Amino acid sequence: MKILAVRMDKIGDTILSVPAFNTLRRMYPDAHLTILTNAYSAPVLQRLQLADEFIIHRLGAEDTTIKTVNDGHYDLLVALHDIKETAQLCKHFTIPKSRSLAAAAAKQECLSGRIPPKPTAL
């Protein structure tokens, strides 16, 4: 399985996502995990060795990012934030399944595939 995790916002918020990246790794230990992030967050995440691969998105290079992601043939997209620009970028990815961990992104329904409803309380 190939998983693309997306976090492309402020560096502090990206660092707060480290437990989520670790959880993905524990949940899918045999998966190839790729993190899509921005240029200023990438060195921190790479130093922490959180993923097998990193895709660095640069402003103005949306077409390049879309091609790189689609050429990667990912099975699952996990969006870790709800920035509108990121959601708009993600809608161009040809990834069969997606999950958003951010409520606003789920409301926008900009990600590929169906986003499941919130789980009900036990």
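Fair warning: this is a prediction, and the values are worked out from it, not measured in the lab. All values below were derived from every heavy atom in this structure, side-chain atoms included, with hydrogens, water molecules and symmetry-related copies excluded.
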Could you check whether any side-chain heavy atom of [X] comes within less than 4.5 Å of a side-chain heavy atom of [Y], counting everything from C-beta outward?
{"X": "Leu4", "Y": "Leu76", "value": "no"}
{"X": "His92", "Y": "Glu62", "value": "no"}
{"X": "Asp75", "Y": "Tyr28", "value": "no"}
{"X": "Thr34", "Y": "Ile3", "value": "no"}
{"X": "Lys2", "Y": "Ile95", "value": "no"}
{"X": "Met27", "Y": "Thr23", "value": "yes"}
{"X": "Met1", "Y": "His32", "value": "no"}
{"X": "Ile15", "Y": "Val44", "value": "yes"}

Arg25/Asp52 ion pair, N-O < 4.0 Å: yes

For the atom pair [atom1] ([X]) and [atom2] ([Y]), what is the distance rounded to the nearest 0.5 Å?
{"X": "His73", "Y": "Thr94", "atom1": "NE2", "atom2": "OG1", "answer": "7.5 Å"}
{"X": "Ile66", "Y": "Asp71", "atom1": "CD1", "atom2": "CG", "answer": "11.5 Å"}
{"X": "Asp13", "Y": "Leu80", "atom1": "CG", "atom2": "CG", "answer": "11.0 Å"}
{"X": "Lys91", "Y": "Thr86", "atom1": "NZ", "atom2": "OG1", "answer": "13.0 Å"}
{"X": "Asn22", "Y": "Leu50", "atom1": "CG", "atom2": "CG", "answer": "5.5 Å"}
{"X": "Ile56", "Y": "Met8", "atom1": "CD1", "atom2": "CE", "answer": "12.0 Å"}

Between Phe54 and Tyr40, is there a shared hydrophobic cluster once you connect ILVMFWY residues whose side-chain heavy atoms come closer than 4.5 Å? yes

Can you get from Leu16 to Ile35 by hopping between Ile, Leu, Val, Met, Phe, Trp and Tyr side chains that sit under 4.5 Å apart? no

Side chains of Thr37 and Arg7, donor plus acceptor under 3.5 Å: no

For Ile55 and Tyr74, work out which heavy atoms get closest and say how close. CD1-OH, 3.7 Å

Non-hydrogen atoms of Cys90 and Leu77 that approach each other most closely: CB-CD2, 4.0 Å

